[in-house]
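Every value quoted in this text rests on a predicted model; they were computed, and no experiment measured them. Along the sequence shown, residues are numbered consecutively beginning with 1.
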Amino acid sequence: MLVPMRAILDAADKNDYAQGAFNVNAVCQAKAVVNVHEMFRSPAILQGADLANGFMGGRTDFTNATLEDKKVGAKNIADAVKKYGADSEIPVALHLDHGRNFDSCVAAIEGGYTSVMIDGSSLQFEENVELTREVVKYAHERGVSVEGELGVLAGVEDHVFAATSTYTNPLKAIEFFKKTGVDALAISYGTMHGANKGKDTVIRKEIAIAIKECMMHEGIEGYLVSHGSSTVPQYIVEEINALGGDIKNAYGIDVNQLIEVGHCGINKINVDTDIRLAVTRNMKELFARDVALRNSASVGAVYELLEKNKSAFDPRVFITPIMDTVMYGNVPNDDVARICKCIEDGVKEVVGTLIVKFGSFGKAPKVERVSLDEMAERYKKAGI
């Protein structure tokens, strides 16, 4: 069943575990994320980043995606999630990651997302509040959850870039919750976007603890989110490089730190890079095992892009030759089916591991099954 993200985070908060949130950029990735959560009887949060919507709208140069591209892509991602998750026994939320502006959030909601993030972290505090509040008003009227961001994470993810981090001020976080009515807040506390987080990065868990303590004292019902939290498994990096890749200085967050912060007030942990790495590794392995596949009329161009971009690990760089499959899930032949299986297996390897480590396995029955219409009524009664 599709639910607003708030219901899933509420269960995580009340039952002392962290909920992983996993980015998808293709129909087969959405299928794999839902399926592996079903296997572990875990609630599921799938995320489509703002530019993922552009890519799924057919814009292969997704950094230049227009609003119209994003509208098409949001519907494509939502249609895929509905196909595999609407009748599922587990609760499933589809969340917009790093919504760039109000229009991007509207596009996602109209496309079928059950939750959106508006990222105003680069703005001055009051401007961030104003923008976030505007999105909250629009989304809550439709029963859709909203995540904001306060503080700046260093690193690069799609259009999100910052050279240095600015940690979230706990007192400002409380003010932000009160002024915006936002459901969840992404905080800056030592994590970083991208694959190059630096070796031995240490999370400042005391920031999350302080915010959560203040929230309890103030009677604020909200949830904290950890962005830039990929673990960047070293065995996958090593396997990619052994297959001819050229990935350097790739280090993530120690998974044990993420497990710990899941008990310190962090309710949602975002993961994207790990999936990208596993999918890239799998495709490289496939072409290494089956040399004849390199000359396939359907997927030979995928191999050429893998060879041409040895330092890249974002599958969107490689899978543009099969965009009909990416966007709509159409699988015309066995060669394309083999690429899809590579993608799905990579997703399941990473996501399944983190479901277990973060503690969401078996928690699907803990989540209230609430529709968007029902949630809209609750927001209305609460005046938010």
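A donor-acceptor contact shorter than 3.5 Å links the side chain of Ser229 to the backbone of His227. Looking at Glu218, its side chain never comes within 3.5 Å of a backbone N or O of Cys214 through a donor-acceptor pair. Under the 3.5 Å distance criterion, the side-chain polar atoms of Gln47 are left unmatched by any main-chain donor or acceptor of Ile45. A donor-acceptor pair is defined here as one N or O able to donate and one able to accept, closer than 3.5 Å; no such pair exists between the side chain of Ser145 and the backbone of Ser115. Proximity of a side-chain donor or acceptor of Asn25 to a complementary backbone N or O of Ala52 within less than 3.5 Å is not detected. No donor-acceptor pair closer than 3.5 Å links the side chain of Ser311 to the backbone N or O of Asp246.
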Subject >> Working for ring pair (Phe, Tyr, Trp, His ring centres under 6.0 Å), residues His263 and Tyr17 >> reply: CA-CA 6 Å; His263 303 294; Tyr17 66 90; 9.1 Å; no
Original post:
Which is it for Lys310 and Glu307 under the salt bridge (Lys or Arg N to Asp or Glu O under 4.0 Å) test, yes or no, and what are the steps along the way?
Top reply: CA-CA 6 Å; Lys310 292 182 179 295; Glu307 286 297 294; 3.3 Å; yes
**OP:** Before giving the answer on salt bridge (Lys or Arg N to Asp or Glu O under 4.0 Å), spell out for Arg338 and Asp334 the whole-Å C-alpha distance, their side-chain angles and the decisive distance to 0.1 Å.
**Re:** CA-CA 6 Å; Arg338 293 176 71 186; Asp334 288 344; over 6 Å; no
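Between Val92 and Ile8, the shortest heavy-atom contact is C-CD1, 4.3 Å. When every heavy atom of Pro365 is checked against every heavy atom of Arg41, the shortest pair comes out as CG-NH2, 4.2 Å. Ser42 and Ser360 get closest at one heavy-atom pair: OG-OG, 2.7 Å.
Within a 6.0 Å sphere centred on NZ of Lys357, heavy atoms belonging to other residues, nucleotides or ligands number 12 at most. By the 6.0 Å contact criterion, CD on Glu141 is enclosed, its count of non-hydrogen atoms from other residues, nucleotides or ligands being greater than 12.
For the pair Arg204 and Tyr167, the distance from NZ or CZ to the six-membered ring centre is under 6.0 Å and the angle to the ring normal is within 45 degrees. Judged by a 6.0 Å distance limit and a 45° cone about the ring axis, Lys172 is positioned over the six-membered ring of Phe125. With Phe62 as the aromatic partner, Arg316 meets the cation-pi criteria of under 6.0 angstrom to the ring centre and within 45 degrees of the ring axis.
Side chains of Asn270 and Asn23: no donor on one and acceptor on the other come within 3.5 Å.
Between Phe102 and Tyr138, the gap from one ring centroid to the other is short of 6.0 Å.
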